[in-house]
Amino acid sequence: MAETAPATRKDFVSSQDVRWCPGCGDYSILSNIQKVMPELGVPRENVVFVSGIGCSSRFPYYMNTFGFHTIHGRAPSFASGIKLARPELSVWVVTGDGDGLSIGGNHLLHTIRRNIDLQILLFNNRVYGLTKGQYSPTSRLGMKSKSSPQGSLDHPIDPIRFALGAGATFVARTVDVDAKHLQETLHRAHAHKGTAFVEILQNCPVFNDGEWNEVEDKKTRDAATLVLRAGQPLVCGDEDNRHGIRMEHGRPTLVPLPAGTDPREVGITVHNEASDSPAYSYQLATLARPRFPLPIGVLRCVSRPTYEELLDDQVQEAIEQRGRGDLRKLLHSGDTWTVGG
Amino acid sequence: MFRPRAPGEAITLSSKRVEEIDRVAIRFAGDSGDGMQLTGTKFTETTALAGNDLSTFPDFPAEIRAPAGSVAGVSGFQIHFASRDVRTPADAPDVLVAMNPAALKANVRDLRPGGMLIVNSDAFTDKNLKLAGYDSDPLPALRDTHQLVEIPLTRLNREAVKDLTFSQRDADRSKNFFALGLMYWLYGRPIESTVEWIEQRFTGDAREANRRVLLAGYHFGETTELFPVSYVVPRAKIEPGAYRNITGNQALALGIIAAGVQMSRPVFLGAYPITPASDVLHELARHRNFGVRTFQAEDEIAAAGAAIGAAYAGHLAICTTSGPGMVLKQEAVNLAYMTELPVVIVDVQRVGPSTGIPTKVEQGDLLLALFGRNSDSMLPVIAAASPGDCFHAVLEAFHIAVKYMTPVVLLSDAYLANSSEPWRVPAVEMLPRHPVTLRSEPDGFEPYSRNPETLARDWAVPGTKGLEHRIGGLEKEDVTGNISYSPENHERMQRLRAEKIERIVQDVPAAETFGPDRGDVLVVGWGSTQGAIESAVEEAQQDGLSASSVHLRWLHPLPANLGDLLRRFRRVLVPELNHGQLAMLLRARYLVDAQSYSKVQGQPFKVREIRARIEALARGEA
Ligand code: SF4
């Protein structure tokens, strides 16, 4: 049977009107995901987007794939059920900082540690948008919002460190408006076997405008971000204003790199996303503005069997050892006796 | 391998009288560490093999490690067996075996007046009496009121194993086998299968000790002067077929596996450990060779979410839980109602509110199951009536869930979960087959177009080309499933969803009365109370009263003829292990003067309790 032309971005656009506020960072994320989808080579019917509740969680409605808009914070649970039932599907979770780390923190933690092969995209805008502007678990300490007129008292959680702490095998950070980097990161996340956790810094122009200005603005982003490349030294800035990061005894130091300096020669740390211990990635994750550039890219990528592979192995093992289930035998197992007619 | 003397042989050798009786109820009671559940289970298996009908009631403490010797730590196991039909574990045991003063204290008031009381007299020390809260030795007074048999069980046990090498503490562990052997002798039970079991199950000194002690107990009965008579309970007339003993939780697990086979879909269980439902998870986890996927989630909500996700992906999905977990799942279950996905939620009810008494029975979650979610989203609810019925109820629940594309709640309870009965193993060919059709045709597909008969939408699972669509908890437009906030559309959808559930009535058999279909008193019950209610009604009928009963398997939708049936009786009595939840529903729905009879003690109904109510109503006293 002749297959129609290969899928394009348009094939992944649903007929629904997109209803985010004008200027919302979600638009850029949506359009980049729709761009990447046909490049992944997964038949459209095998793609499932699962979300919870929040602005970001409207996402599935706009993708012309299978989509399940579930309940607040629980998307990872539904996605786990889908993936365990049908490992051949490509299952994507879209969540936000409130959905994923507040009400759904527990599910995120356990899903990540199980290493179910899901792509989890957490849109971090550091505010509750859908409920109109309360501080979120990633909001800065002291953030003034509708529910914190005198400033938030909550110490914020960092999604990357949370994921590393949960034992994630793939952790990355990218930026809503950085199309190239975002697409590259999505490709990496998809290629990873196991839970791929991606924090996407996202601007909410209505309730928390400019939160990520430094890393979004083309003029400042080179100095404000540390773009991670596997096997490359940790270097940021442009030729005129270059710095490197040296990790010594678990402490990062920002080292100025005058033009012409070879970073390796002055002991700048070389990025190793597959390091045995997550401690290195964790140290990297502690780099934060304004003292350090913010790491962007894949902080950790290691290989560990996925939960669904192990589960299938157990099913196969049970079949090999005991044969395919025979209902009659099962019903008659244990002590039975016969009453004559 | 060692072969003991055949019991028949033992009886003829003995000079003792053998009396035939048609029924007896025995309760074994001891400290949680005394192995009473094992003793009861073994006695039950042997009794089933001996061809009696039976019913059991294990009653164990909520605490895993209550202080030894305390009343809180007493564990009991009651078995009622007969040469005729047995519907309940019996109101009052005829025989109580009490391994220590605490067991006596916790159970003696249940013993039938004049009943036989066998105690381990060695355990009646000052220390144990004090632990049990006795100021003085209770035994002297009991000599007048009961047939008290005092046996120095600890010493006899130690004597039997004295040449074995292990410690006294270990030696004392086998004393429950002494009691078991003694009861085997007293009721003419064959001992062989238990000996074989001991030989397979134990090794070394423990094997030798348990075997010897079991036989010592048996022979003690034969030789001691304490028992002038032994008894036989002839075989019951039972429908021919293969039988096994089964608890409600075992039956549930088998039913879940059978549903997968009969409906040719893989099974997915999402569960979080909770008493008294965890056994179902344990049992299913052992049967991965049926392709069953069990998922122990991080909490009750995730268990429901994963199950619904699996249902969305085309599996037969189920969650097993109990009251507190049921509450946590409701938001997820409501999403399944809204998105119209098939999932079965089993609530093995226990005493509440809150944590309540986790190991004890209550029927308190009926209204929770029916209504316990935001907005109008009444779910189909089916309740199992007996341990073996859990098997058939779960098959039925799956069938309805898939046929009508809806969550279905199956109510069991702590009593059904743990008690057992002989269960006629169904022939696989006789089990209903309900092959499942997944939508595959993309032409004309609309996510919310409906089957005109059932109003069910199609099961359109990911991976099917051309069926890509989005569902979720937001209100959706009729037919297309697109998000819609239109007032008229919302009202239409609410009615459609509710009507779909109402239409399940097509699959609900008409209610049938136990007894005449008109008269003075109709007793209406649901769930695990069926046995007690029917026994009470039967006794009332034998006393010449005009009483019948009806047992409701489906609580929503109710059988179509129920209203008519209720009106054919002068009085309607509704015994429930709650504060009158079904009674309230019947009053609201049918405008009949249904009288609630409520009991919330964490214990099942006794037959006589219900019978007294029937009598009072029939005589116009209530
Ligand atoms: S509230 Fe903020 S996050 Fe939500 S759609 Fe509007 S701009 Fe986007």
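For clarity, every value in this text was computed on a predicted model and none was experimentally measured. Convention: sequence-line order gives letters A, B, ...; per-chain numbering from 1.
- Remark: B/R424 CZ to A/T338 OG1 distance equals 11.5 Å, nearest 0.5 Å.
- Annotation: maximal heavy-atom pairing with chain B below 4.5 Å, among A/E320, A/R324, A/R86, occurs at A/R86.
- Between chain B and the residues A/F49, A/Y307, A/F68, the most heavy-atom pairs under 4.5 angstrom are made by A/F68.
- A distance of 6.0 Å separates CG of B/L254 from CG of A/L331, quoted to the nearest 0.5 Å.
- Contact of the A/L311 side chain with the B/F295 side chain is not registered, since no non-hydrogen atoms from C-beta on lie closer than 4.5 Å.
- Atom CG in B/L49 sits 8.5 Å away from atom OG1 in A/T336 (nearest 0.5 Å).
- Heavy atoms of B/Q250 lying under 4.5 Å from chain A are absent altogether.
- The residue among A/F78, A/Y61, A/W337 with the most heavy atom pairs within less than 4.5 Å of chain B is A/W337.
- The closest side-chain donor-acceptor pair between A/Q321 and B/N289, if any, does not fall under 3.5 angstrom.
- Under the 4.5 Å side-chain criterion, counting only non-hydrogen atoms from C-beta, A/H332 is in contact with B/V425.
- Looking at heavy atoms from C-beta onward, A/R58 lies in side-chain contact with B/L474 at the 4.5 angstrom threshold.
- At least one side-chain heavy atom of B/L467 sits less than 4.5 Å from a side-chain heavy atom of A/F66.
- Considering only heavy-atom pairs separated by less than 4.5 Å from chain B, the leading option among A/S51, A/G334, A/S333 is A/S333.
- B/S193 does not touch chain A: none of its heavy atoms, backbone or side chain, sits under 4.5 Å away.
- Here B/E298 pairs with A/R114 in a salt bridge; the nearest charged N to carboxylate O distance falls below 4.0 Å.
- Note: A/D326 leads A/V50, A/V47, A/D326 in heavy-atom pairs under 4.5 Å with chain B.
- Among A/T70, A/N46, A/N106, the residue making the largest number of heavy-atom pairs under 4.5 Å with chain B is A/N106.
- You'll find the side chain of A/R44 reaches within 4.5 Å of the side chain of B/E468, heavy atoms only.
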